[in-house]
Every structure is written in structure tokens, then in C-alpha cells.
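Chain letters run A, B, ... following the sequence lines, proteins first and then strands; every chain starts at 1. Remember, it's a predicted structure, so these values are computed and weren't measured experimentally.
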Amino acid sequence: MIKIYNTLTRSKETFKPVKENRIKLFVCGPTVYDDSHIGHARTYISFDVIARYLKYRGFSVFYLQNITDIDDKIINRAISTGNDPLDLAREFEAEYLKDMEKLGVENVNFYARATEHIEEIKAQIETLLKSGFAYETDNGVYFDVSKYPDFGKLSNRKIEDLNVHRISPDPNKRNPEDFALWKKKDVKPVWNSPWGAGRPGWHIEDTAITEEYFGPQYDIHGGGLDLIFPHHEAEIAQMESASGKKPMVRYWMHTGFLNVNGEKMSKSLGNFITIKELIKKYPPEVFRFFTLSTHYRSPIDFSQEILEQSQNSLKRINKFYETIDELLNIETSTFDQYSPEESSPPSYIPETGENDEQFNRLLEETRIKFLEAMDNDFNTPLALSLLFDFIRVINRNVQQGTISQKPLLNIKFFFNDISNILGFNFTSTSENSKNNLTEELVDLIVDIRNKLREKKDWELSDEIRSQLDDLGIILEDK
RNA sequence: GCCAAGGUAGCUUAGAGGCGAAGCGGUGGACUGCAGAUCCAUUACACGGGAGUUCAAAUCUCUCCCUUGGCUCCA
């Protein structure tokens, strides 16, 4: 039974899709006017894991994301760089998709561009106008918040409180908190509409897109915490008014902020880190681990030091996975050739052992606890800590030679599942790098060094090891 | 002013009434020619202060202190 924290009710609820077994998941995508930053990465990795887990749990997940490719920021950026706004948007959209691919975010089924849903947007505005929820002014078409008494239910605000700190509200609007559905414009990218040329407001694209692919009601809507107000609030108002159906979304999920060195990430503070900059310094998996070591709703603090910690922690899991592989591979490659007469038999571990049952039981317990942790609002930090507990016990038994192949094989399958769910790739280097020239050359150097070691030429051996280390190749003598 | 999230060992995080918290880091030991990895031990009977409820409180209640964020665009 999966429980999800619902921003709307501010409590954990048992998850039940509208349609049995089929989940419609929408997550707000980026406005493509610049390179994506590590805050985006945090959010999209979180939802990537959520989608992966729901699939693992047997649900069929349709994960939809919008791409905001028309917006003031894009236009301003295009003007300042002398580009066409739509070209600029395409360019950064491509960069975004590349970044996501590198981060291992691969579960989005469809990316929907705002500019390719102008007809749906206009249709929804038309509906809202006809039913009296929207009105037209000289500047555009606005949603009349006073017609929707539930406005503020997601962000827990009262309409009265909203206009307190407003600066210079548009006098043509009926209420200061009314928001634009259509902006009348005559410059640059504009589309024709019954209300004149212009372009859509920010909020309407999402509901137009979700209505097109999901209908007026669906399961999960996700995004960053900062989108709750006003964006998601506006979405609810639009869609529920247009369709007359409530709720538009059953579960609202929001990811916490990523801060840098305890401060909000912003361009003015100079602590703005793009995904590209990040993955120049650290493998994407390290960032993924960092992300998953904090609950998705909690704020997360990014710093070099913490990323180093994540790197070391992840190394421990990878190392463990490699150890298992090695133990099992030794068997497959040398077990048949082993004969008791040989003076130095190849090291191997027995196929079965007397403790097999015990290890299988431990594995099952760990699996159950892991699933329980993930079921409980996707508690990845707890899930990871369970893995570490398990790894320690198995390592101990590996060291003591008290574990056999059979349980190790089961463990390997379990970790394959884990790597799928969390989006890691634990595959050991030995599996990946066969037929690789670099690897062969390294093997050659290692062979030579082993001969030096036989001659007890420690000085040269150590120098070779140290120089390999400088090249990023870590040599560990057994 | 209004809303929200927090303050748990050196660092990063789980836990949410009773059971040894996990990882990283430090120190010592086992193993090793050395180093690394791994294991064992230790740092470490941790929960911002105060009061209350309870047989029992990091966990519930009250109160105080502090941090961060949102209320304009933002994942």
C-alpha cells in the first residue's frame, strides 16, 4: 500500500489511481530560456525515481511533462541576444533533454510544448469566457478569481490576504489577484485568437495540455515547492471551473528546494550552478545519490563537502556490487578448470552452503523493509540506510567466507532491482570494459607491476600504482 | 504582517510514544611488504531551551529561542 503526501490535504494518503492500475502523472517542466540548474535536477530526479518505483510496483505510468517554450523570459532573452524566441526555446529545450539524459532521467513518456497546444489553450479560454469565469479587457483575457471560491485551497491562503502586498495592480482587472489567460500583444511571436493577436498566459498551458492527454481529472501533479502559488493554484481554478469537475488532481506532490551552501541559489548571489557545470566535476550518479539521501520534500543543501560524502557513500554500494560480481565470476570462469591436484587452487566459493536459508531470509526482510520505506511517501533515505545495513552483514560474511554462490546470486538480482528503481547503474567495471583497449593496456601494466612485486621491487611498484592513481585508475592489491 | 518547512552525534540524513539509528569523517585494531577495500571497536546512551501529559517523550501539548524559505518570476 503506497502512501503519498498530498499538498492539498497536508497529510499522507493511501494512493489509489482514478483508473485501476493506470497512473496519469504530470510534472511541470522547465521554461526553456537558459541552461537548467541543479535545482531542476533535484526535482526531476525525484520524480524520475517516483515514476520508476510506481512502475516497479506494477502500475502503468503515463508521465507527461510540459515545455514552456513561450514566455516573457524567453522573449527578453531572445531580444538581448538577438535571437528568434522560438529558436532560442528549441535550443534550450534540446539542452534540457540532454542534461536529463545524462542525469539518467528517462521515464517521461511525452514532452508537450506550449506552442504546439495553442488551439487547446484557446478552446479552454473560450470555455471559461462562456461560463463567466473569465472576462476580456484591453490587455487580454483574465480569470475572475472571485468566481472561484476555492482559490487558495492548495497554498492555504485566503484571497483577502493576497492583495496586501501587491504593487500597482492593473486597473483593468476586476480583482488584483486575477491572472492572465491570454495576453494581447502585437510584437514578435503572436497567435491569432478571437480576442486578437497575442500569446497565452503562463498557467493555462498546463491545464490545456493535461486536459488534452489526461482529461479534466487525473492522478498526480508534481513540481517544485515554489509552484504551489500562484501557478498550481491557478491551474486548479481554471480546470475545475472549466470542467465543473473536482478535484482536477488527486495528489499534489511538491519537491523541496535545493540551497547552495545554506543559501538560496540565485544568479545575483553568484552561487548558481547549472547541470552542465555539475557533471563536469562529479559523475551524475553522485548527484543522484545526493538527491536521494534526503527526502524529496525536505530542503536539501548542496555543497562540495556534502557531494564528496555522497561520492564516498555511493562508492561503498558500487564496491559491494563489484565484490559480488567478482565472487560469482570467479566461479563461472575457473570453477570447471579447478582440480584438487593443482598446487594453488583458484579461489572460489561453494555453490551452496549451510547458511543459505539464513541469508535468503535476511534478503527477504531487507526487500520488504525497502519496499515499505518506498511505499511510505518514497522515503529514499530510509531505503538507502537499509541497504547499508544489509551490505555490512554480507561483507562480513564474504570476508569470513561463510556465504555461498546461491544467496549471492539472489542478492545480485535484488540489487539489479534496486538499481532500476533508484536509477543507479551498479554494473561492475569488469562487466563493462571487456574488449576495451584502455583496459587491455592497464592489464598489461598491471602484469608488469606484478612481476616487479614478485621481485620485491616495491619502490617501482608503488610509483606505478601512484601514477595510475593520478590517471584515475585505482589499483588495489589483494 | 500572513503562510510554510526545519533545529537529531564533527558533517549529511532517517525515525515520530517504549526496541542498538544509517552513511560520511576522525581515532585504534584485524588483514596487507606498504596503501586501498573490507571487517571489528571507538567517537556516540544524539535529539534547540524550559514546562506539562504519560508507567514511558526526539516523538504528544504549551511556551520560548534560533534558522531557512514563500507571499513578484522561479524546479
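In terms of phosphate contacts, A:S298 brings a side-chain nitrogen or oxygen within less than 4.0 Å of OP1 or OP2 of B:A14. A close approach under 4.0 Å does occur between a side-chain nitrogen or oxygen of A:N156 and OP1 or OP2 of B:A4. Proximity of A:R392 to the phosphate of B:A21: no side-chain N or O atom is located under 4.0 Å from OP1 or OP2. For the pair A:R453 and B:C34, the criterion of a side-chain N or O lying under 4.0 Å from OP1 or OP2 is not met. A close approach under 4.0 Å does not occur between any side-chain nitrogen or oxygen of A:N259 and OP1 or OP2 of B:U68. Look at A:K315 and you won't find any side-chain N or O under 4.0 angstrom from OP1 or OP2 of B:G36. Distances shown here put a side-chain N or O of A:R396 below 4.0 Å from the OP1 or OP2 atom of B:C40. Close to B:C39, at under 4.0 Å from its OP1 or OP2, lies a side-chain N or O of A:N395.
No hydrogens or angles were tested; on distance alone, nothing pairs the side chain of A:D389 with the base of B:G20 as donor and acceptor under 3.5 Å. Remark: the A:R465 side chain and the B:C34 base include a donor-acceptor N/O pair separated by less than 3.5 Å. Judged by atom type and distance alone, A:E305 does not reach the base of B:C11 through any side-chain donor-acceptor pair under 3.5 Å.
Nucleotide B:U61 is matched to B:A51 when pairs are restricted to Watson-Crick or G-U wobble geometry with both distances under 3.5 angstrom. Across all strands shown, B:A4 forms a Watson-Crick or G-U wobble pair with B:U68, both key distances being under 3.5 Å.
Aromatic ring centres of A:Y218 and A:Y213 lie farther apart than the 6.0 Å criterion allows. Ring centroid separation for the pair A:F290 and A:F287 comes in under the 6.0 Å cut-off. Remark: aromatic rings of A:F143 and A:F151 are distant, center separation not under 6.0 Å.
Contact annotation for A:S303: no contact, since no heavy-atom pair falls under 4.0 Å across all strands. Looking at heavy-atom distances under 4.0 Å, A:Y44 makes contact with sugar-phosphate atoms alone, never a base. Within 4.0 Å of A:R297, counting heavy atoms only, lies no atom of the nucleic acid at all. Among the atoms of the strands shown, only primed sugar atoms or phosphate atoms (P, OP1, OP2) are found under 4.0 Å from some heavy atom of A:N312. A:E476 comes within 4.0 angstrom of a nucleotide base, judged by non-hydrogen atoms across all strands. If you check every strand for non-hydrogen atoms under 4.0 Å, A:L258 touches a base. Nucleic acid contact for A:D477: base, since at least one base atom lies under 4.0 Å from a heavy atom of the residue. If you check every strand for non-hydrogen atoms under 4.0 Å, A:K456 touches nothing.
Comparing B:U13, B:A75, B:A5 against the side chain of A:L227 picks out B:A75 as the nearest. Nearest nucleotide to the A:W458 side chain, out of B:C34, B:C71, B:G33: B:G33.
Rounded to whole Å, the separation between the P atoms of B:A37 and B:C71 comes to 45 Å. Comparing B:C47 with B:G10, their P atoms are spaced 10 Å from each other, to the whole Å. B:C11 and B:A51: their C1' atoms are spaced 32 Å apart (whole Å).
Of the residues in residues 36-43 of chain A, those placing a heavy atom less than 4.0 Å from an atom of RNA chain B are A:H37, A:G39, A:H40, A:T43, in numerical order.
A salt bridge is absent between A:D34 and A:K73; no separation between the charged side-chain nitrogens and carboxylate oxygens falls under 4.0 Å.
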